[in-house]
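The chains referred to below are lettered A, B, ... by the order of the sequence lines, with proteins before strands, and numbering in each begins at 1.
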Number of protein chains: 2
Amino acid sequence: MNTEHRSGCPINLSLEVFGDRWSLIILRDMIFGGRRHFRELLNGSLEGIASNILADRLRRLMELGLLTKADDPSHKQKAIYSLTEMAITLVPIMAHLGAWGRVWLPVSEELSIRAELLEKGGPPLWEQFMDELRHEHLGAPVKTPPGTPTVRQQLQAAYEAVVARKAEAATA
Amino acid sequence: MNTEHRSGCPINLSLEVFGDRWSLIILRDMIFGGRRHFRELLNGSLEGIASNILADRLRRLMELGLLTKADDPSHKQKAIYSLTEMAITLVPIMAHLGAWGRVWLPVSEELSIRAELLEKGGPPLWEQFMDELRHEHLGAPVKTPPGTPTVRQQLQAAYEAVVARKAEAATA
DNA sequence: TCAATCCGATTGCATTTTGCAATCAGTTGC
DNA sequence: GCAACTGATTGCAAAATGCAATCGGATTGA
């Protein structure tokens, strides 16, 4: 990892981590899309990341301590990427960024419903989501009662409801 | 302004605004450093931005609606840059970014004291700061009682106290 | 008056980063 | 055996960045 920094300012250092057009997109897809494999990130990305950029950013995010990589026991060539605690604690920042974008930028309705729910849920919902991510990626024990729908499931259901409603409105 | 977007996702759109190494640095210096002129931003920047990059980013931030530019009545050549409401509402994101960076990145003590105070102050302090910025940049009426120290003054005083303490410790 | 300084930029140029398409060698399922 | 899929790598053109020098106009100080 490169240890030369422009300054010791927290905002500058954060920007040295995320100050590009792809790193946060990859983390978004892992956090909200549940993606763990190279191909899932490559083909599932709405924005169409190139494979060389994806490989470079995954390597860089590992060097920075935001991701780890492990072998997939089911496939000798597959790698599973996991979020570290450092990356999981970005959830509140993602929520704020989404909320800000929803107010000021030309977001699409179906893609902003998740941001809306996250905003309305506030810190308690973010904490629940972070616990779920710790379970998925770090093997931490689950804290929510069994049977509780996961935050990602709730967000996904809301997204699909909007898509279905818009499809119905279009055919009606 | 370019209206082609990679996707309508709020996080992606936010990244299209801030996904570079300088835009947020400029906004940070305007918000926390109170800088309004080209030269102040050019020479005051800890990270050493180049003048052509600064000119390009100021133009871009104006196109995006985050800044406005006006003539300085005291100097026919000077331009005054002002934050818009869109930029002022970034304060909570700045606070979160600073808090995250303080935990996970090699920040310097004197440059992270502001982030620490902003974090401890929480949303009420952010709101007070945003009101002050609305007064400075948008001409909005002040809401705090007269005589109350401004948030920027509080942050600056804390910064200087750390610098003074470290200087004393170094000579002792 | 007049030179020095400051103002917001602009220019030229070398380096670095990015985006895109094609390709790679090993693994898997059939 | 063989096509499809795995995580990447390579080559190359285009764009962004970094740096130093410079611009014409405005202001300042002697």
Chemist: Take the protein atom CD1 of Ile53(B) and the nucleotide atom P of dA14(C), then report the distance between them rounded to whole Å.
Modeler: 17 Å
Chemist: Check whether any side-chain N or O of Trp22(B) sits under 4.0 Å from OP1 or OP2 of dA16(D), and answer yes or no.
Modeler: no
Chemist: Can you check the Asp56(A) CG to dT10(D) P distance for me, whole Å?
Modeler: 13 Å
Chemist: Figure out the CD1/C1' separation between Ile80(B) and dG8(C), and round it to whole Å.
Modeler: 13 Å
Chemist: Report the residue (Asn43(A) or Asn52(B)) whose heavy-atom-nearest nucleotide on DNA chain D is the more 5′ of the two.
Modeler: Asn43(A)
Chemist: Name the residue from Val107(A), Leu105(A), Leu117(A), Val162(A) that meets the side-chain contact (heavy atoms from CB on, under 4.5 Å) definition with Ser112(A).
Modeler: Val107(A)
Chemist: Quick check: on DNA chain C, is the nucleotide nearest Ser51(A) upstream (toward 5') of the one nearest Arg39(B), or the reverse? Name the residue that is more 5'.
Modeler: Arg39(B)
Chemist: Rounded to the nearest angstrom, tell me the gap between atom CZ in Arg21(B) and atom C1' in dT17(C).
Modeler: 11 Å
Chemist: Starting from P on dT28(C), measure out to CG on Asp71(A) and report it in whole angstrom.
Modeler: 11 Å
Chemist: For the rings on Tyr159(B) and Phe32(B), is their centre-to-centre separation under 6.0 Å?
Modeler: no
Chemist: For Ser14(A) and Trp100(B), test the side chains for any donor-to-acceptor distance below 3.5 angstrom and give the result as yes or no.
Modeler: no
Chemist: Does some side-chain heavy atom of Met30(B) sit less than 4.5 Å from a side-chain heavy atom of His137(B)?
Modeler: yes
Chemist: Less than 4.0 angstrom between a side-chain N/O of Arg57(A) and OP1 or OP2 of dT18(C), yes or no?
Modeler: yes
Chemist: In whole angstrom, give the distance that lies between atom CE of Met62(A) and atom C1' of dG7(D).
Modeler: 11 Å
Chemist: Taking the nucleotide of DNA chain C with the closest heavy atom to each, which residue, Lys76(A) or Ala50(A), is nearer the 5' end?
Modeler: Ala50(A)
Chemist: Quick check: do Asp20(B) and Arg57(B) have side-chain heavy atoms less than 4.5 Å from each other?
Modeler: yes
Chemist: Scan Arg59(B) against the nucleic acid and name what it touches under 4.0 Å (heavy atoms): base, sugar-phosphate only, or nothing.
Modeler: nothing
Chemist: Measure distances between side-chain N and O atoms of Gln77(A) and base N and O atoms of dG26(C), and say whether any donor-acceptor pair falls under 3.5 Å.
Modeler: yes
Chemist: What's the CD-C1' distance between Glu47(A) and dT18(C), to the nearest Å?
Modeler: 16 Å
Chemist: Using the side-chain heavy atoms of His75(B), tell me which of these nucleotides is nearest: dA26(D), dG12(C), dG8(C).
Modeler: dA26(D)
Chemist: Find the distance Ile26(A):CD1 to dG7(D):P and express it as a whole number of Å.
Modeler: 14 Å
